[in-house]
Amino acid sequence: NIVLTSTGTGNTGGGAVALTVEVCGSAASSVRMTGPFWGWDPNAGPVATDNGDGTWTVTLNPAPTENMEYLWIVDGVQENLIPAMVAGGSCAPITDLANYANRLWNVGSGDVSDTFNQCEGCAPALAGCTDSNAANYDAAATEDDGSCAYNVTFSVDMNEYGNTFG
């Protein structure tokens, strides 16, 4: 039997292994793992600890004694790495390129860093105005930098004003 428990915040001393996943673009509220050790049940795998920087870590202590297939689940959505593998990725070597693409941790390979739902890391944030109603909207921006400017049109009816200007 393999005993796996989720503990700690990524400290990997004493035969433990830390698997960390970065979630790009939005804040996640829950992250966990799934795989054959947990019957591919999306609710049965260990829950990850939020590291507060967009990454989440599951520490398995003791580390598995056999190779482990796994996938990440973020806010109830299981990652789909098939498109990444079809495009030439290497993060999910257990795949038929059509129906499944699973990550693999090999015994003795140490700690792992993944990116949810992709093989490469998160694209760097591009700062700019993300409000499509703004005059300086930047469709390429992925992070709002507070620079949005808006065109404002107004008119003042001075017909009822009794004083003269001058």
Side-chain angles (χ1 to χ4, degrees), residues 1-128 130-132 138-146:
N1 276 350
I2 297 173
V3 177
L4 301 173
T5 58
S6 174
T7 61
T9 59
N11 183 347
T12 59
V17 63
L19 294 99
T20 300
V21 63
E22 183 174 8
V23 179
C24 303
S26 63
S29 60
S30 69
V31 176
R32 66 183 327 130
M33 294 175 68
T34 190
F37 288 166
W38 307 283
W40 292 106
D41 182 339
N43 298 307
V47 175
T49 301
D50 184 351
N51 298 319
D53 61 359
T55 66
W56 296 69
T57 299
V58 168
T59 301
L60 302 176
N61 189 7
T65 56
E66 60 186 69
N67 294 345
M68 177 181 69
E69 289 182 51
Y70 67 98
L71 289 172
W72 292 101
I73 298 174
V74 173
D75 295 334
V77 177
Q78 181 174 296
E79 64 183 341
N80 175 6
L81 296 168
I82 296 168
M85 295 305 293
V86 169
S90 61
C91 63
I94 309 298
T95 184
D96 68 355
L97 298 175
N99 301 298
Y100 62 89
N102 301 332
R103 297 183 185 273
L104 179 66
W105 177 82
N106 289 304
V107 170
S109 65
D111 295 344
V112 174
S113 290
D114 298 319
T115 304
F116 179 72
N117 218 28
Q118 59 193 52
C119 290
E120 289 86 32
C122 297
L126 177 60
T130 60
D131 184 348
S132 62
D138 183 352
T142 58
E143 183 176 293
D144 196 281
D145 63 1

- Query: When you look at W40 and E69, which way does the side chain to side chain contact (heavy atoms under 4.5 Å, CB included) test go after all the steps?
  - Reply: CA-CA 10 Å; W40 292 106; E69 289 182 51; 3.9 Å; yes
- Query: For the side-chain hydrogen bond (donor to acceptor under 3.5 Å, both in side chains) test, which of D114, T55, T59, T57 pairs with T20?
  - Reply: T57
- Rounded to the nearest 0.5 Å, how far does CH2 of W56 lie from CH2 of W72? 11.0 Å
- Message: Working to the nearest 0.5 angstrom, can you tell me the gap between I94 CD1 and N102 CG?
- Response: 7.0 Å
Judged by atom type as modelled, is there a donor-acceptor pair below 3.5 Å linking the side chain of [X] to the main-chain atoms of [Y]?
| X | Y | answer |
| --- | --- | --- |
| D75 | A28 | no |
| N67 | V107 | yes |
| R32 | G45 | yes |
| N106 | S109 | no |
| N51 | D53 | no |
| D111 | A18 | yes |

- Side chains of N117 and E79: donor-acceptor distance under 3.5 Å anywhere? no
- For T34, check side-chain hydrogen bond (donor to acceptor under 3.5 Å, both in side chains) against everything at least two apart and list the hits. none
- Message: Is there a side chain to side chain contact (heavy atoms under 4.5 Å, CB included) between M68 and L104? Walk through the geometry before answering.
- Response: CA-CA 6 Å; M68 177 181 69; L104 179 66; 5.8 Å; no
- Would you mind reporting whether E66 and W105 have side-chain heavy atoms less than 4.5 Å apart? no
- What do the steps show when you test T115 against C122 for side chain to side chain contact (heavy atoms under 4.5 Å, CB included), and what is the final call? CA-CA 7 Å; T115 304; C122 297; 3.9 Å; yes
